[in-house]
Amino acid sequence: MINFQDLRTLERGVIEVIRTTGSFYQVGSLIQAVNHTSANPNSLVRGSKIDLHLGFTLPTKLREDGNKEVERMFHIGCLAVKDDSNDHISQLSYSVLIDKGGTSEKAVERKFHFDFEPSSNPNRSGEPKPSHHLQMCGCLSDYHVQQGYEDEHIKHLYPSLSKPRIPTQPTSLALLLNWLFIEFGSNNPSILIAQKDHRWRKIVREAEKQVLYPYYKECADFFSSHANDNMSFTDAKLYEKGTG
């Protein structure tokens, strides 16, 4: 797992690449969101916590929209907490809220988050949960409330329902944004151009090397070790049962 300072450097690099790469100026309001974040150095420079939020629009055209383009609102958040005794990450969460937009009314279509809670986290509850997992909806953050969202806007998503927690690979800001570009921008020329920019591809590749490679190497090592022949990968690695 990437350590806290390396994650901070990686996420700061993502913001800088978007802010200074010309092709991103055509991608919705992402540049404005990044410039606002860049004006707040505390988010990515100092302290034992990364607390980053980006609110931006993306032109999307989904099957459900018929043949028209819809300017959806995306709210992305990153919260990373450094371990008190070392440079490890004790808690990490990336959140996504998608609003259909187009009107003055709030219309939340999707809300979910990707969490990392290692077994060593003293605040982790005793119930089984994957260390890396996807969870649907969840409560509104202070940032969401500041953006005008209320419990009424997400009640159809059942925010109090905490399960299932779906095992998933780790993620980062670059990986999350790139995934959203693929999912929602595959028919949009501006997003496709930005995705092909060499600086963006380089920062995504760096995130894959620092975040995904160690994870999948651990997975491969588990299966290649005969000492684990009688152990369940799901129990031992995804849920870290017996390792805390």
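Predicted, not measured: the structure shown is a model, and the values here were computed from it.
Electrostatic pairing of Lys163 and Glu127 counts as a salt bridge here, judged by a charged N lying under 4.0 Å from a carboxylate O. The residues Glu109 and Arg72 are annotated as salt-bridged, a charged nitrogen and a carboxylate oxygen being separated by less than 4.0 angstrom. With salt bridges taken as basic N to acidic carboxylate O contacts below 4.0 Å, one links Asp221 and Lys217.
In Asp142, the CG atom is not crowded: 12 or fewer heavy atoms of neighbouring residues, nucleotides or ligands sit closer than 6.0 Å. More than 12 heavy atoms of other shown residues, nucleotides or ligands fall within 6.0 angstrom of atom CD in Gln5. Around the CD atom of Glu105, the shell of radius 6.0 Å holds no more than 12 heavy atoms that belong to other residues, nucleotides or ligands. The number of heavy atoms from other shown groups lying within 6.0 Å of NE2 (His198) does not exceed 12.
Between Glu240 and Glu117, the closest heavy-atom pair is OE1-O, 4.4 Å. Scanning both residues, Ile193 and Ser23, for their nearest heavy atoms gives CG2-CB, 4.0 Å. Considering every non-hydrogen atom in both Cys78 and Glu11, the closest pair reads SG-OE2, 4.3 Å. Here the closest non-hydrogen pair linking Gly148 and His153 is O-CE1, 3.5 Å. Closest of all the heavy-atom pairs between Ser29 and Gly55 is OG-O, 4.4 Å. Closest non-hydrogen pair, Lys106 versus Asp99, comes out as CA-OD2, 3.7 Å.
By the 30° and 60° cut-offs, the orientation of the rings of Phe112 relative to Trp179 is perpendicular.
Using a 4.5 Å heavy-atom cutoff, the side chains of His53 and Gln146 are not in contact. Side-chain contact between Val211 and Met1 is absent, with no heavy atoms from C-beta onward closer than 4.5 Å. A 4.5 Å side-chain heavy-atom check between Lys49 and Lys82 finds every atom pair outside the cut-off. In this structure the side chain of Asn178 reaches within 4.5 angstrom of the side chain of Gln195, judged on heavy atoms. Looking at Ile89 and Asn3, their side chains never come closer than 4.5 Å, going by heavy atoms from C-beta outward. For the pair Phe56 and Ile76, the minimum side-chain heavy-atom distance is below 4.5 Å. With a 4.5 Å cut-off on side-chain heavy atoms, Thr57 and Leu30 do not count as touching. Met231 places a side-chain heavy atom less than 4.5 Å from the side chain of Phe222.
Here the CD-OG1 distance, from Glu183 to Thr60, works out to 12.0 Å after rounding to the nearest 0.5 Å. In this structure, CG on Leu52 lies 11.0 Å from CZ on Arg8, to the nearest 0.5 angstrom. Note that CZ of Arg12 is 13.0 Å distant from CG of Leu173, once rounded to the nearest 0.5 Å. If you take CD on Glu208 and OG on Ser172, they are separated by 9.0 Å, rounding to the nearest 0.5 Å. From Lys129, atom NZ reaches atom NZ of Lys241 across 14.0 Å, with rounding to the nearest 0.5 Å.
Thr37 and Arg19 form no side-chain donor-acceptor contact under 3.5 Å, judged by distance and modelled atom types alone. When only modelled atom types and interatomic distance are considered, Gln210 and Asp6 share no side-chain donor-acceptor pair under 3.5 Å. Using a 3.5 Å distance cut-off with no hydrogens or angles, the side chains of His113 and Tyr94 do not pair a donor with an acceptor.
For Phe114 and His133, the ring centers sit 6.0 Å or farther from each other. Side-chain rings of His132 and Tyr215 approach one another, their centers coming within less than 6.0 Å.
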Side chain to side chain contact (heavy atoms under 4.5 Å, CB included) assessment of Leu10 paired with Ile2: CA-CA 10 Å; Leu10 183 63; Ile2 189 172; 4.2 Å; yes
Where do Lys111 and Met136 land on the side chain to side chain contact (heavy atoms under 4.5 Å, CB included) test, with the steps shown first? CA-CA 6 Å; Lys111 184 179 180 298; Met136 303 308 296; over 6 Å; no
Verdict with supporting geometry, Asp65 and Glu69, side chain to side chain contact (heavy atoms under 4.5 Å, CB included): CA-CA 7 Å; Asp65 299 327; Glu69 190 173 85; over 6 Å; no
Please test Val70 against Leu62 for side chain to side chain contact (heavy atoms under 4.5 Å, CB included), starting from the C-alpha separation and ending with a verdict. CA-CA 8 Å; Val70 176; Leu62 307 185; over 6 Å; no
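Cluster membership for Leu7 and Val81, using ILVMFWY side-chain heavy atoms within less than 4.5 angstrom, is not shared. A single hydrophobic cluster is seen to contain both Leu176 and Leu134, as judged by linkage of ILVMFWY side chains at heavy-atom distances under 4.5 Å, directly or through other members. Under a hydrophobic clustering in which Ile, Leu, Val, Met, Phe, Trp and Tyr are joined whenever their side-chain heavy atoms come within less than 4.5 Å, directly or via other members, Leu212 and Ile182 fall into different clusters. Leu238 and Tyr213 are not part of a single hydrophobic cluster, where members link through side-chain heavy atoms under 4.5 Å apart. Placement of Phe24 and Met73 in two distinct hydrophobic clusters is found when ILVMFWY residues are connected by side-chain heavy-atom separations under 4.5 Å, directly or transitively.
Between the side chain of Ser141 and the backbone N or O of His144, at least one donor-acceptor pair lies under 3.5 Å.
Hydrophobic cluster membership of Val145, counting Ile, Leu, Val, Met, Phe, Trp and Tyr whose side-chain heavy atoms lie under 4.5 Å apart directly or via other members: Leu97, Val108, Leu140, Tyr149, Ile154, Leu157.
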